[in-house]
Amino acid sequence: MQDPDGYFGERVAARYDETSAAMFEPRTLDPAVDFLAGLAGSGRALELGIGTGRVALPLSRRGVPVHGIDLSRAMVRRLRAKPGGDTIGVTIGDFATTRVDGTFSLAYLVYNTINNLTTQAAQVACFRNAAAHLEPGGCFVIEVGVPELRKLPPGQNVVPFQVSPTGWAYDVYDVATQSMSSNYVEVVDDRCEFTSIPFRYVWPAELDLMAELAGMRLRERWEDWTRTPFTSESTKHVSVWEKPAA
């Protein structure tokens with residue numbers, strides 16, 4: 001039976017903050033919160049894939065009202081257990097299609113979460129959903145990696161990205177369909193546990209077209225939250241699309 005929490009059920013949620021510890025470090029998190037708070041201004045923010053509240057909680061502490069959408073009840077329970085977590089509204093559902101009340105000056109989707117939507121149609125729907133929630137002049141922000149196909153020599157479709165005495169992890173690519181999976185093997189009590197999470201990688205230009213289909217336009221694109229210029233050597237990007245003002 002499929003977990004109603006999708007690929008981020010209790011087993012993954014229980015260790016999510018631990019395994020993503022580097023993303024919680026102030027030098028990584030603070031610039032993201034600064035960037036998003038600046039765009040939100042005095043308005044409300046909508047986080048698609050709010051998870052355990054890594055970004056939503058510090059953004060809320062900055063005075064920005066945040067509402068979140070997430071499919072995983074297990075992840076949201078971790079958010080609720082944290083200081084201030086009970087003050088953030090969360091709607092359980094697929095962030096590509098779930099609607100919430102009101103409008104927002106900012107919608108955002110960070111840490112490669114757009115890739116959790118495993119079809120192009122779902123990613124297009126996500127842009128349309130974000131645009132529908134934005135007030136005129138509002139912004140939609142995505143942080144996502146640039147597909148690392150330059151690491152694939154001819155005939156290879158696997159790229160390892162983590163190796164240690166207690167586990168290893170690797171990505172598997174299908175360049176014909178833009179589908180991929182991140183796979184984790186972890187040694188726990190002398191036994192191996194295997195987790196595989198599917199994704200769909202997406203190119204910056206493709207995201208721009210999705211934004212155009214949703215009635216938005218690219219406002220700015222950077223390599224990171226500190227506004228390092230985006231170049232052909234950048235391995236990720238932070239992109240901002242704007243809904244036209246009325």
Side-chain angles (χ1 to χ4, degrees), residues 16-68 70 79 82 84 88 95 104-116 123 126-127 130-131 133-134 137-151 159 161-162 169 171 182 199 201-211 216-243:
Y16 183 83
D17 287 5
E18 177 187 346
T19 57
S20 304
M23 298 301 294
F24 286 80
E25 294 181 0
R27 64 181 179 180
T28 298
L29 184 55
D30 289 353
V33 175
D34 290 343
F35 189 107
L36 294 170
L39 287 176
S42 59
R44 303 167 67 212
L46 177 66
E47 179 166 4
L48 307 180
I50 194 170
T52 65
R54 179 181 70 92
V55 174
L57 285 168
L59 188 58
S60 178
R61 288 194 292 268
R62 290 282 296 270
V64 178
V66 181
H67 191 94
D70 205 289
L79 163 64
K82 296 176 180 179
I88 295 177
F95 62 72
F104 301 81
S105 62
L106 171 68
Y108 63 94
L109 209 171
V110 299
Y111 197 21
N112 300 318
T113 306
I114 185 66
N115 293 345
N116 288 107
Q123 291 172 345
C126 177
F127 271 79
H133 283 96
L134 289 175
C139 291
F140 182 36
V141 179
I142 286 182
E143 174 198 27
V144 66
V146 177
E148 296 187 301
L149 301 192
R150 292 168 68 180
K151 292 184 176 180
V159 176
F161 62 87
Q162 180 179 312
D171 289 331
S182 290
F199 299 102
Y201 65 81
V202 62
W203 300 96
E206 189 179 6
L207 292 171
D208 291 343
L209 181 56
M210 292 179 186
M216 297 184 288
R217 62 175 180 82
L218 182 66
R219 185 166 113 173
E220 51 188 303
R221 171 168 290 133
W222 307 99
E223 180 176 288
D224 54 33
W225 297 107
T226 62
R227 290 183 165 85
T228 301
F230 179 77
T231 72
S232 59
E233 298 302 316
S234 298
T235 59
K236 72 170 189 176
H237 61 98
V238 174
S239 295
V240 181
W241 298 273
E242 187 175 48
K243 184 174 180 176

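What you see is a predicted model; the values in this text were computed from it and never measured.
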- line: For Gly43 and Pro65, the nearest pair of non-hydrogen atoms, with its separation, is O-CD, 3.6 Å
task: May I ask you to decide if Leu79's main-chain N or O and Thr52's side chain share a donor-acceptor pair within less than 3.5 Å?
output: no
task: Would you please indicate if the ring centroids of Trp241 and Phe127 are separated by under 6.0 Å?
output: yes
Interatomic distance, Asp224 atom CG to Thr235 atom OG1 [nearest 0.5 angstrom]: 9.0 Å
- line: Taken to the nearest 0.5 Å, the spacing of Phe95 CZ from Glu47 CD works out to 10.0 Å
- prompt: Quick one: CG on Leu109 to CD1 on Ile114, what's the gap to the nearest 0.5 Å?
  reply: 5.5 Å
- request: Mind telling me whether His67 and Phe104 have parallel, tilted or perpendicular rings, with 30° and 60° as the class edges?
  value: tilted
query: Is it true that Asp171 and Lys151 make a salt bridge, defined as a side-chain N closer than 4.0 Å to a carboxylate O?
result: no
message: Less than 4.5 Å apart, side chain to side chain, heavy atoms only: is that true for Asn116 and Phe199?
response: yes
message: Donor-acceptor check, side chain of Arg54 to backbone of Met23, threshold 3.5 angstrom: yes or no?
response: yes
message: Could you check whether any side-chain N or O of Lys243 sits under 3.5 Å from a backbone N or O of Gly138, counting only pairs where one atom can act as donor and the other as acceptor?
response: no
Taking every non-hydrogen atom, the tightest pair across Gly49 and Asp70: C-OD2, 3.3 Å
task: Considering non-hydrogen atoms only, spot the tightest contact between Thr28 and Ala22 and give its length.
output: OG1-O, 3.5 Å
- request: Check Pro229 against Ser234 and note the closest heavy-atom contact, atom names and distance.
  value: O-OG, 4.0 Å
- prompt: Are Leu48 and Thr113 side-chain neighbours, meaning at least one heavy-atom pair lies under 4.5 Å?
  reply: no
- prompt: Looking at CD1 of Ile142 and CE of Met210, how far apart are the two atoms once the value is rounded to the nearest 0.5 Å?
  reply: 8.5 Å
- prompt: Quick one: SG on Cys139 to CG on Leu134, what's the gap to the nearest 0.5 Å?
  reply: 7.5 Å
statement: Smallest heavy-atom separation, Glu220 atom then Leu218 atom, equals O-CD1, 3.5 Å
task: Please round to the nearest 0.5 Å and tell me the distance separating atom CG of Leu106 and atom NE2 of His133.
output: 13.0 Å
- request: For the residue pair Leu36 and Val64, establish whether any side-chain heavy-atom pair is separated by less than 4.5 Å.
  value: no
Polar side-chain atom of Ser239 near backbone of Arg221 as donor-acceptor pair, under 3.5 Å: no
message: Quick test of your reading of the model: are Asp34 and Arg62 salt-bridged, counting only N-O distances below 4.0 Å?
response: yes
Tyr108, Trp225, Trp222 screened by ring-ring contact (aromatic ring centres under 6.0 Å, His included) with Phe35, the one that passes: Trp225
- prompt: Between the side chain of Asn112 and the main-chain N/O of Gly145, is any donor-acceptor distance below 3.5 Å?
  reply: yes
- prompt: With no hydrogens and no angle check, is any side-chain donor or acceptor of Thr19 less than 3.5 Å from a backbone partner on Tyr16?
  reply: yes
task: From the options Glu148, Glu223, Glu143, select the one residue that forms a salt bridge (charged side-chain N to carboxylate O under 4.0 Å, His left out) with Lys236.
output: Glu143
- request: Run the salt-bridge test on Arg150 and Glu233 with the 4.0 Å N-O cut-off and return the result as yes or no.
  value: yes
